[in-house]
Amino acid sequence: MAKLTKLDDIVSLCKRRGFIFQSSEIYGGLASCYDYGPLGVELKNNVKRAWWKNVVQMRDDVVGLDASIFMHPLIWKASGHADKFADLVSECKKCNTRTRVDHLKDSENNAKKAEEHSEHVSVDPGQAKGYDLSHKVCPNCGAVGQFTAPMPFKLMFETQMGANAEDSMTMYLRPETAQGIFANFRNVLDTTRVKVPFGIAQVGKSFRNEVTTKAFIFRTREFEQAELEFFCEPGTDDQWYQHWKEQRCNWYLDLGLKKENLRFRDHDPDELAHYAKACVDVEYRFPFGSGDWQELEGIANRTDYDLRQHQRGMRTLNKWYESGRDLTKIKLADEAEDYQSGPLSYFDEEKKARYIPYVIEPSAGMDRSTLAFLVDAYDEEEVKGETRNLLRFHPALAPIKAAIFPLVKKEGMPEIARRIYDDLKRRFNCFYDEKGAVGRRYRRQDEAGTPFCVTVDGQTLQDQTVTVRERDSMGQVRIATSQLRSYLCDKLDL
RNA sequence: GCGGGUGUUGCUUAGUGGUAAAGCACUAGCCUUCCAAGCUAGCUACGCGGGUUCGAUCCCCGCCACCCGCUCCA
């Protein structure tokens, strides 16, 4: 099966078939940015649609949301991103290697071990200067105390809002979609009659100024997330965590990812983010390099951390104004004694009790998933001594659902095929082609992953039937034209 | 950010200090009644910018991008 053994092969396939292009290619490219081509955008949209259908549409306990990418700067203070979503890095003067300051080890006896997997440290400038690096050893060249002063490396993109320079305010592109959900928790609660346990789902772009990107679209600075924040009563969080773990894994399998290429990887306790009680990655084994497993999705138990933080953020508003809207000059207000009945708490009517719900968060990378589906679907097989390339997409993900051909370009076949095409395209994405040999047209659709090809032939003129050719088996069946639409809809599960 | 490598058409490759070849793909036409047939014609490239040179795709410098490794990785 899988013949894509190098990342280059995947990149080449993506470009050749119009799935993914380098961004700004005519200007020499822009690092780490990619564009989705005609087939790619259909595929990615289908992935997002499949996620939405599974997580929102098919469930009674999840509602959707589309929050703006810009949010109030205090959101990022409360969430911890403004303080902690930055690395303190230092550069070795001898070998120019940059290293996170909190990963540096002491030269003497290594007694004071570096904090492995520590969260990002706070970067207020005062603290940065306070770091004593004179005893630290460079992990690359071994030089001791040769480091530059620690520099904060900002991981959030900044921009200005407001046309006038004087009263413009620093804004951040969101580094995750989750906070838009927490910020709307109250709104959804007040307007939709949802009851805990329930979830709010969102698909959208996020931006992180990663230190390094690399590896095609696995880690890009602009990327699309599909996130669900599932609110539940404290004490039930473990069971919902398990529930979503299963749900999310099944989603990938149901859409055709091969089981042997998918796995869970539980985070070690010291690997957990500061807010998380538990976290597991859904990983896919991409076929390039050393066969490395790559994260597609993280499922975390975020506890009540975020809602509690936003209650603190809401109490910080005045201080923020007084500081001249400068996040670096303020500290988040302390938590109220009675935070459990704060503005973002939930009142359980049955139990007559107020509490801050716990949150289970499945957070999936749509770009990564799209690529995984693409790579996993790729196949080559021998047919009569020739190689047949095809993409075995699940019908729900296939960019084109059906292609319609006249067998030859005469005897009225094109006209009939056109009519069928015009009818079918109202229901799903179709493609019409009448050029060249029909075999070639079949193979071309194989490479686009089109599950069905409908061919109008001589017999159609006699008895109004057409052939439906299936991508995976290349087998054909005759279907009455009048039943074609329902036949395909059934097969496509539409 | 560091080290190494790469960059010729849509793709895969060839080649050269005198501006470039092939296959596939693509477009038009002919032919064609079920799995990449054939014939004819056509389109398309030396990543970008400097330098050396009479002349650079080739040599040199810088930049950009990608790949591998390191570092990093809510």
Side-chain angles (χ1 to χ4, degrees), chain A residues 6-18 21-34 37 79-81 84-87 89-92 94-100 103 117 119-120 138-141 151 153 155-156 174-179 206-208 210-216 218-219 223 225 227 271-276 279 281 288-290 294-295 298 300 302 361 363 365 383-389 405-411 413 435-447 453 455-461 467 469 471 474-476:
Chain A
K6 295 202 307 283
L7 192 51
D8 279 335
D9 295 335
I10 297 168
V11 175
S12 176
L13 171 81
C14 286
K15 173 156 193 194
R16 192 167 65 244
R17 291 295 145 202
F21 305 125
Q22 173 83 58
S23 165
S24 313
E25 197 181 84
I26 61 170
Y27 284 93
L30 181 64
S32 145
C33 295
Y34 294 90
S79 72
H81 290 89
K84 291 175 180 148
F85 212 72
D87 287 331
V89 295
S90 183
E91 192 169 309
C92 173
K94 276 189 96 171
C95 67
N96 294 325
T97 299
R98 284 187 175 188
T99 313
R100 262 173 66 173
H103 281 189
H117 293 299
E119 267 305 301
H120 296 110
C138 174
N140 184 51
C141 68
M151 301 275 293
F153 191 99
L155 290 180
M156 280 199 294
R174 66 183 179 196
E176 62 176 23
T177 61
Q179 298 306 325
S206 292
F207 305 83
R208 290 180 200 171
E210 302 281 3
V211 179
T212 52
T213 50
K214 305 291 169 87
F216 201 36
F218 293 111
R219 190 176 306 120
F223 59 101
Q225 293 183 300
E227 293 194 302
E271 191 183 356
L272 291 174
H274 56 286
Y275 51 73
C279 187
D281 286 345
F288 51 81
S290 52
Q294 305 275 350
E295 175 189 352
R302 292 181 77 127
E361 176 198 72
S363 171
V383 178
K384 291 179 189 166
E386 299 260 339
T387 302
R388 184 170 81 113
N389 295 332
F405 310 142
L407 185 59
V408 289
K409 207 167 33 168
K410 58 186 183 185
E411 295 172 28
M413 293 181 203
K435 296 287 168 58
V438 73
R440 170 180 294 266
R441 285 177 263 158
Y442 285 148
R443 296 301 177 84
R444 213 180 270 153
Q445 292 306 312
D446 287 342
E447 289 202 316
C453 293
T455 302
V456 172
D457 59 14
Q459 197 179 329
T460 310
L461 307 172
T467 64
R469 180 261 196 190
R471 175 195 64 205
M474 297 198 292
Q476 291 184 322

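Hydrogens, waters and symmetry mates play no part in the numbers below; they use all other heavy atoms, side chains included.
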Contact list (N/O, under 3.5 angstrom) for nucleotides 6-11 of chain B vs protein:
{"residue": "B:C11", "atom": "OP1", "partner": "A:Lys15", "partner atom": "NZ", "Å": "3.0"}
{"residue": "B:C11", "atom": "O3'", "partner": "A:Ser12", "partner atom": "OG", "Å": "3.4"}

Checklist entry - Side-chain donor or acceptor of A:Arg469 under 3.5 Å from a matching atom on the base of B:C35? => result yes

Checklist entry - Distance only, no hydrogens: is a donor on one side chain within 3.5 Å (strictly under) of an acceptor on the other, for A:Gln179 and A:Ser79? => result no

Item to check | Distance in angstrom units between A:Glu447 CD and B:C26 P, rounded | outcome: 9 Å

Checklist entry - Atom NE2 of A:His81 to atom P of B:A74: distance rounded to whole Å? => result 11 Å

Nucleotide N/O of nucleotides 37-40 of chain B paired with protein N/O under 3.5 Å:
{"residue": "B:A37", "atom": "OP1", "partner": "A:Arg440", "partner atom": "NH2", "Å": "2.7"}

Checklist entry - Which residue lies toward the 5' end of RNA chain B, A:Arg443 or A:Ala300, if each is placed at its nearest nucleotide? => result A:Arg443

Item to check | Spacing of A:Phe216 atom CZ relative to B:C67 atom P, expressed in whole Å | outcome: 8 Å

Checklist entry - Taking the same atom, C1', in B:C2 and in B:C58, what whole-Å distance lies between them? => result 29 Å

Checklist entry - Taking the same atom, P, in B:C26 and in B:C64, what whole-Å distance lies between them? => result 37 Å

Item to check | Euclidean distance for P, B:U16 against B:C34 (whole angstrom) | outcome: 47 Å

Next on the checklist: What is the separation between atom CG on A:Asn389 and atom C1' on B:U12, rounded to the nearest whole Å?
Outcome noted: 13 Å

Checklist outcome for this item: Taking a pair to mean Watson-Crick or G-U wobble geometry with both distances below 3.5 Å, B:C48 pairs with B:G62

Checklist outcome for this item: ring-ring contact (aromatic ring centres under 6.0 Å, His included) filter on A:Tyr34, not counting sequence neighbours, yields A:Phe216

Next on the checklist: Need one value for A:Thr467: base, sugar-phosphate or nothing, where a base atom within 4.0 Å counts as base even if backbone is also close, heavy atoms only.
Outcome noted: base

Checklist entry - Paired with B:A41 by Watson-Crick or G-U wobble geometry, both distances under 3.5 Å: which nucleotide is it? => result B:U27

Checklist entry - Which value, in whole Å, describes the distance between the C1' atoms of nucleotides B:C61 and B:A25? => result 38 Å

Item to check | N/O donor-acceptor pair, side chain A:Tyr27 with base B:C64, under 3.5 angstrom | outcome: no

Checklist entry - When rounded to the nearest Å, what value does the distance between C1' atoms of B:U27 and B:G10 take? => result 13 Å

Checklist entry - Do A:Thr455 and A:Arg441 come close enough that some side-chain heavy atom pair is under 4.5 Å? => result no

Checklist entry - Roughly, in whole Å, what's the span from CD in A:Gln22 to P in B:C64? => result 13 Å

Item to check | Distance, P atom - from B:U19 to B:G4, rounded to whole angstrom | outcome: 35 Å

Checklist entry - B:U19 pairs with which nucleotide, Watson-Crick or G-U wobble, both distances below 3.5 Å? => result none

Checklist entry - CZ of A:Arg388 versus P of B:C35: gap in Å, rounded? => result 13 Å

Next on the checklist: Let's test this: given Watson-Crick or G-U wobble pairing with both distances under 3.5 Å, identify the partner of B:C2.
Outcome noted: B:G69

Checklist entry - Base, sugar-phosphate alone, or nothing: which one does A:Tyr34 contact when heavy atoms must sit under 4.0 Å apart? => result sugar-phosphate

Item to check | Nucleotide of B:C66, B:A36, B:G29 approaching A:Lys435 most closely (side-chain heavy atoms) | outcome: B:G29

Item to check | Exam field: side chain A:Arg208 to backbone A:Pro175, donor-acceptor pair closer than 3.5 Å | outcome: yes

Checklist entry - Atom CZ of A:Arg208 to atom P of B:A74: distance rounded to whole Å? => result 8 Å

Next on the checklist: Say we look at B:U52 and B:U57: how far apart would their P atoms be, to the nearest angstrom?
Outcome noted: 15 Å

Checklist entry - Between B:U44 and B:C39, how far is it from one P atom to the other, in whole Å? => result 23 Å

Next on the checklist: Without decimals, in angstroms, what is the distance between A:Glu411 CD and B:C31 C1'?
Outcome noted: 14 Å

Checklist entry - Is there side-chain contact between A:Arg471 and A:Gln445, with at least one heavy-atom pair below 4.5 Å? => result no

Checklist entry - Hey, which of these two, A:Arg444 or A:Val438, hits RNA chain B nearer its 5' end, going by closest nucleotide? => result A:Arg444

Item to check | salt bridge (charged side-chain N to carboxylate O under 4.0 Å, His left out) between A:Glu227 and A:Arg174, intermediate numbers included | outcome: CA-CA 13 Å; A:Glu227 293 194 302; A:Arg174 66 183 179 196; over 6 Å; no

Checklist entry - What nucleotide, of B:U33, B:C66, B:A36, holds the atom closest to the side chain of A:Met413? => result B:U33

